Amino acid sequence: MQCRTHVAQLGRMRQGFGNAGAEVLIVLGDSLERAAKYAEQLKAPFPVLADPERTVYRAYDLDRVAFVIQRTASVIVDREGRIRYIKRATNPMEWLRESRELLAFVKGLERET
């Protein structure tokens, strides 16, 4: 439930991210069909990508905790492909606090260029 709230919050902030030259992508560790359904249910204003083999999840150390709680992350990659920010979270409420932090970070990157 909290991930849906986080997606909605990022959606409301979409213009701010766009103004800063950033694009939001959601990576769902599931099938293409489930990712499409998730995007439709949430009316996500940005792409929802499927990672059925969970390759991205493993690359960013996002394994489930105690086989129940999905660890998530917010990652900012600059135009040169360098990871400039990564924040992993196990507590879903952390996602809700970090949206403004993400936008502030992206705007800071914009000022660097």
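The first residue in the sequence is number 1, and the count goes up from there. Model, not experiment: these values are computed from the prediction.
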Arg34 side chain vs Ala50 backbone, donor-acceptor pair below 3.5 Å: no
Which value, rounded to the nearest 0.5 Å, describes the distance between Leu10 atom CG and Ile26 atom CD1? 6.0 Å
Just how far is it from atom CG of Asp30 to atom OH of Tyr38, taken to the nearest 0.5 Å? 11.0 Å
Please round to the nearest 0.5 Å and tell me the distance separating atom CD1 of Ile76 and atom NZ of Lys87. 11.0 Å
side-chain contact (heavy atoms from CB on, under 4.5 Å) between Val106 and Phe17: does it pass, once the steps are laid out? CA-CA 7 Å; Val106 167; Phe17 283 104; 4.1 Å; yes
Spell out, yes or no, whether Leu62 and Leu25 are grouped together once hydrophobic residues are joined by side-chain heavy atoms under 4.5 Å, including indirect joins. yes
More than 12 foreign heavy atoms under 6.0 Å from CZ of Phe46: is that the case here? yes
Using 0.5 Å steps for rounding, measure from the CD atom of Glu53 to the OG atom of Ser31. 11.0 Å
Has the side chain of Asp51 got a donor or acceptor atom that lies under 3.5 Å from a matching backbone atom of Tyr57? yes
Verify same cluster id: Leu49, Tyr60 (apolar side-chain graph, 4.5 Å): yes
Any sub-3.5 Å donor-acceptor pair from Arg14's side-chain atoms to Pro45's backbone N or O? yes
Mind checking whether Val24 and Ile83 sit in one hydrophobic cluster, side chains of I, L, V, M, F, W, Y counted as touching below 4.5 Å? no
Shared hydrophobic cluster for Leu32 and Leu28 (ILVMFWY, side-chain gaps under 4.5 Å): no
What heavy-atom pair brings Gly16 and Lys107 nearest, and what distance separates the two atoms? O-CE, 4.4 Å
In terms of hydrophobic clustering (I, L, V, M, F, W, Y; side-chain heavy atoms under 4.5 Å; direct or indirect links), are Val48 and Val27 co-clustered? no
